[in-house]
Amino acid sequence: MEYLLLALVGLLSGIVGALVGLGGGIILVPATLFLGGSMGLIPGITPQNVVGLSVIMMIFTGLASTLTYMKAKTIDYRSGLIFFVGSIPGTILGAWVNKGLDLPSFNLYFGILLIIISTLLLVRNYLKPVEWFVKNGTKKTFTDAQGQHYVYGYPVWFALFLTFGVGFASGLFGIGGGSIIVPAMILLFLFPPHVAVGTSMFMVFLSALVNSASHITLGNVPWMYTIPVIPAAFIGAKIGATINQRIKSETLVFALRIILLLLGVRSILAGLMG
């Protein structure tokens with residue numbers, strides 16, 4: 001039964017993660033904690049095991065969706081590599097800090113993070129665009145399938161500083177960093193949503209390689225549970241990336257903030273109820 005449940009969670013994680021650029025961990029982590037910790041349906045699962053399982057999965061969801069976004073030409077490779085380099089030390093530090101978190105604390109902090117990000121996306125249309133980063137950084141242009149023209153950019157030093165924090169959250173919570181970097185790219189650097197998602201998944205793939213090495217070293221990976229999760233998540237990521245190319249940018253952002261809000265509320269409640 002637990003293998004079937006994990007396969008279904010992996011498939012959903014892959015679809016949603018690739019669709020909105022989150023990497024899938026943001027679905028797999030709370031879902032597996034709920035099924036394993038709260039419901040007792042997955043024997044022997046701990047927050048550390050869940051994070052270890054998540055980062056292994058994200059290697060494959062990141063690879064599957066990156067291949068699809070490569071064909072669609074919606075990956076900014078230079079930005080993805082810069083963000084990846086900045087995230088490496090934070091990822092290693094986050095994996096180390098993860099060792100000291102119990103389940104209620106993990107759920108509470110994770111939920112607060114998601115609510116903050118969702119709120120920023122919810123009010124972004126009412127905020128004055130933050131053009132400072134574009135004006136003081138390297139500018140790039142992109143025209144989407146609907147013919148809308150975008151100018152975006154950022155100072156490299158700030159991107160490295162920001163992605164250190166993204167890497168820390170990724171290593172700590174096993175969420176791939178996409179839940180933070182995608183809103184940051186859209187709100188601060190004015191990335192086109194489709195390019196933000198494609199670039200995020202490229203970064204998720206690279207970061208997952210480093211993140212998984214850290215968690216393997218710490219003994220956090222439940223290898224038997226990766227058997228149903230990996231193939232299901234890989235297939236789901238291909239599906240999600242394909243759907244992404246067929247929907248409008250604003251629909252993409254709306255889906256992103258609703259998913260984060262619901263997951264955040266659920267995680268906080270689980271943390272408070274202990």
Side-chain angles (χ1 to χ4, degrees), residues 2-32 34-35 50 53-77 80 114 118 121 144-146 170 174-183 185-186 191-209 211-212 225-263 266:
E2 62 263 31
Y3 285 89
L4 177 59
L5 289 173
L6 285 169
L8 292 173
V9 170
L11 181 67
L12 180 62
S13 299
I15 292 173
V16 177
L19 175 64
V20 293
L22 303 183
I26 205 162
I27 303 295
L28 183 134
V29 170
T32 306
F34 175 72
L35 293 172
V50 173
L53 178 63
S54 177
V55 297
I56 294 296
M57 178 199 71
M58 285 187 295
I59 295 175
F60 297 91
T61 57
L63 176 61
S65 51
T66 295
L67 292 173
T68 301
Y69 291 128
M70 285 174 65
K71 295 179 182 178
K73 299 181 179 180
T74 54
I75 298 177
D76 183 336
Y77 294 100
L114 297 186
S118 176
L121 282 173
D144 65 16
Q146 287 76 41
S170 176
I175 57 175
S179 59
I180 304 173
I181 196 63
V182 170
M185 283 193 282
I186 294 172
F191 266 67
H194 288 293
V195 177
V197 170
T199 304
S200 169
M201 291 308 299
F202 175 56
M203 176 193 165
V204 163
F205 169 63
L206 296 177
S207 298
L209 295 173
N211 209 352
S212 61
Y225 288 155
T226 65
I227 296 172
V229 168
I230 289 174
F234 186 88
I235 294 169
K238 296 289 284 186
I239 295 171
T242 301
I243 295 173
N244 172 280
Q245 303 304 311
R246 300 179 181 179
I247 63 177
K248 295 180 180 179
S249 294
E250 283 305 312
T251 304
L252 196 62
V253 175
F254 178 78
L256 174 61
R257 65 192 183 209
I258 294 300
I259 290 168
L260 292 177
L261 180 62
L262 292 175
L263 289 173
R266 191 265 150 205

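The analysis underlying the following values was restricted to heavy atoms, covering all of them including side chains, and did not include hydrogens, waters or symmetry mates.
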Spacing of CE belonging to Met201 relative to CG belonging to Leu67, to within rounding of 0.5 Å: 10.5 Å

message: Quick check against the 3.5 Å criterion: does Ser54 have a side-chain atom that pairs as donor or acceptor with the backbone of Val50?
response: no

field: Value rounded to 0.5 Å, distance of CD1 in Ile56 from CD1 in Ile230
entry: 6.5 Å

query: Is the closest side-chain heavy-atom distance between Met57 and Leu53 below 4.5 Å?
result: no

From Ile181 atom CD1 to Thr199 atom OG1, the distance as rounded to the nearest 0.5 Å: 9.5 Å

statement: Heavy atoms of Ile227 and Pro231 approach each other most closely as O-CD, 3.1 Å

- prompt: Tyr69 versus Asn244: any side-chain heavy-atom pair under 4.5 Å?
  reply: yes

- line: Shortest non-hydrogen pair, Ala232 vs Pro228, comes out as CB-O, 3.5 Å

message: Is any side-chain heavy atom of Ser13 closer than 4.5 Å to one of Val9?
response: yes

- request: For the pair Val197 and Thr74, evaluate side chain to side chain contact (heavy atoms under 4.5 Å, CB included) and give the outcome as yes or no after the intermediate values.
  value: CA-CA 8 Å; Val197 170; Thr74 54; over 6 Å; no

- line: For Ser212 and Ile59, the nearest pair of non-hydrogen atoms, with its separation, is OG-CD1, 3.5 Å

task: Working to the nearest 0.5 Å, report the span between CG of Leu206 and CG of Leu63.
output: 10.5 Å

- request: Sequence neighbours left out, what passes ring pair (Phe, Tyr, Trp, His ring centres under 6.0 Å) with Phe191? Give chain and number order.
  value: Tyr152

- prompt: In Å, rounded to the nearest 0.5 Å, how long is the span from NZ of Lys238 to CD1 of Ile243?
  reply: 13.0 Å

- line: Output for pair (Ile27 CD1, Ile15 CD1), nearest 0.5 Å, gives 10.5 Å

message: With heavy-atom distances below 4.5 Å as the criterion, would you say the side chains of Thr32 and Leu6 are in contact?
response: yes

field: Trace of the ring-ring contact (aromatic ring centres under 6.0 Å, His included) decision for Tyr77 with Phe202
entry: CA-CA 8 Å; Tyr77 294 100; Phe202 175 56; 5.4 Å; yes

statement: Nearest heavy-atom contact between Ala241 and Ala18 is N-CB, 3.7 Å

query: So, the side chain of Thr61 versus the backbone of Ala233: is there a donor-acceptor pair under 3.5 Å, distance only?
result: no

Side-chain (Tyr225) to main-chain (Glu2) donor-acceptor, under 3.5 angstrom: no

